[in-house]
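See below for the structure under consideration.
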Amino acid sequence: ILNVEQSPQSLHVQEGDSTNFTCSFPSSNFYALHWYRWETAKSPEALFVMTLNGDEKKKGRISATLNTKEGYSYLYIKGSQPEDSATYLCASWAESNYQLIWGAGTKLIIKP
Amino acid sequence: EAGVAQSPRYKIIEKRQSVAFWCNPISGHATLYWYQQILGQGPKLLIQFQNNGVVDDSQLPKDRFSAERLKGVDSTLKIQPAKLEDSAVYLCASSVQGSRGTYEQYFGPGTRLTVT
């Protein structure tokens, strides 16, 4: 099973600043890329499911882009707020694996 | 709409003991997943059910782990006997369908297992 890598592992950001982090995945046999947010003591929740190269999705202050040819996705948060503190997980579905392969996540901490 | 329910939320056991986790997915969701998430790693799929049939259990350590989904609704994951390396968060998720990875998964809050 091929790996999905996320960077950085953790990130401290001042409240009000914007930030972004990366998910790298195998580009061969790519089918879908998922982003999830996991707040402490809560359930992981889906942010985006992306399939098309060049796709960009947005939910409030959070947006994501997808490059399937080079195998990466960026997640952007504009004007970070304390409630954005969470671990952000990405997962790639490839037709060679027939399951989601998950990255280890980026832990985001917003400093007031 | 009620979310995915899991119990217990926390469990501490000694090695070689047995433990069972329960999951009730969102009503109408055909696909149910059990993941193991070890600290510092991404979730690893243990088993995937489509209704009450197993789709993928290739990463389930079958010598000690078992899972069932009777009647295609709720599910139980069991570890017998537990080892220290089984300490992890066990996540249950469900989706409308599991085919081709385009359906978002809905997660329960997880069970944090500590094996001492």
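Only heavy atoms go into these numbers, but all of them, side chains included; no hydrogens, no water, no symmetry mates. Proteins come first, then strands; the chains are lettered A, B, ... in the order of their sequence lines, and each starts at number 1.
- With a 4.5 Å cut-off on non-hydrogen atoms, A/Tyr36 touches chain B through its side chain but not through its backbone.
- The environment of A/Lys69 atom NZ is sparse: at most 12 non-hydrogen atoms of other residues, nucleotides or ligands sit within 6.0 angstrom.
- Put simply, A/Leu11 and A/Tyr76 are part of two different groups of oily side chains (I, L, V, M, F, W, Y) that touch within less than 4.5 Å, one to the next.
- Between B/Tyr35 and A/Trp102, the gap from one ring centroid to the other is short of 6.0 Å.
- Nearest heavy atom pair, residue A/Ser43 against residue B/Gly108, reads OG-C, 3.1 Å.
- Clustering ILVMFWY residues whenever any of their side-chain heavy atoms sit less than 4.5 angstrom apart, transitively, puts B/Phe49 in a cluster other than the one holding B/Tyr103.
- With values rounded to the nearest 0.5 angstrom, A/Thr87 atom OG1 is found 8.0 Å from B/Gln37 atom CD.
- In the hydrophobic clustering of ILVMFWY residues, with side-chain heavy atoms under 4.5 Å counting as a link, B/Ile38 and B/Leu113 come out apart.
- Cluster membership check: A/Phe21 shares its hydrophobic cluster with A/Val4, using side-chain heavy-atom separations under 4.5 Å among Ile, Leu, Val, Met, Phe, Trp and Tyr.
- No more than 12 heavy atoms of other residues, nucleotides or ligands sit less than 6.0 Å from atom NZ of A/Lys78.
- Looking at B/Gln41, the atoms closer than 4.5 Å to chain A (heavy atoms on both sides) all sit in the backbone: N, CA, C or O.
- In this structure, A/Ile109 places its CD1 atom where more than 12 heavy-atom neighbours from other residues, nucleotides or ligands lie under 6.0 Å away.
- Residue with the most contacts toward chain B among A/Ala46, A/Cys90, A/Gly103, A/Pro44: A/Pro44 (heavy-atom pairs, distance under 4.5 Å).
- Across B/Pro43, B/Gly40, B/Gly42, the residue that shares the most heavy-atom pairs under 4.5 angstrom with chain A is B/Pro43.
- Contacts between B/Gln6 and chain A at a heavy-atom distance below 4.5 Å are absent for every atom of the residue.
- When all heavy atoms of A/Val49 and B/Gly101 are compared, the closest pair comes out as CG1-O, 4.4 Å.
- Within 6.0 Å of atom CG in B/Leu39, 12 or fewer heavy atoms from other residues, nucleotides or ligands are found, so the atom counts as exposed in its surroundings.
- We find the NE2-OG1 distance between A/His34 and B/Thr102 to be 7.0 Å, quoted to the nearest 0.5 Å.
- Neither the backbone nor the side chain of B/Arg112 comes within contact range of chain A, judged by heavy atoms closer than 4.5 Å.
- The distance from atom NZ of B/Lys44 to atom CG of A/Leu100, rounded to the nearest 0.5 Å, is 15.5 Å.
- Interface remark: B/Val55 contributes no atoms to any contact with chain A (heavy atom separation under 4.5 Å).
- A/Gln99 CD to B/Asp56 CG: the interatomic distance, rounded to the nearest 0.5 Å, is 5.0 Å.
- Criterion: ILVMFWY side-chain heavy atoms under 4.5 Å apart, direct or through other members. Under it, B/Tyr90 and A/Trp38 are not part of a common hydrophobic cluster.
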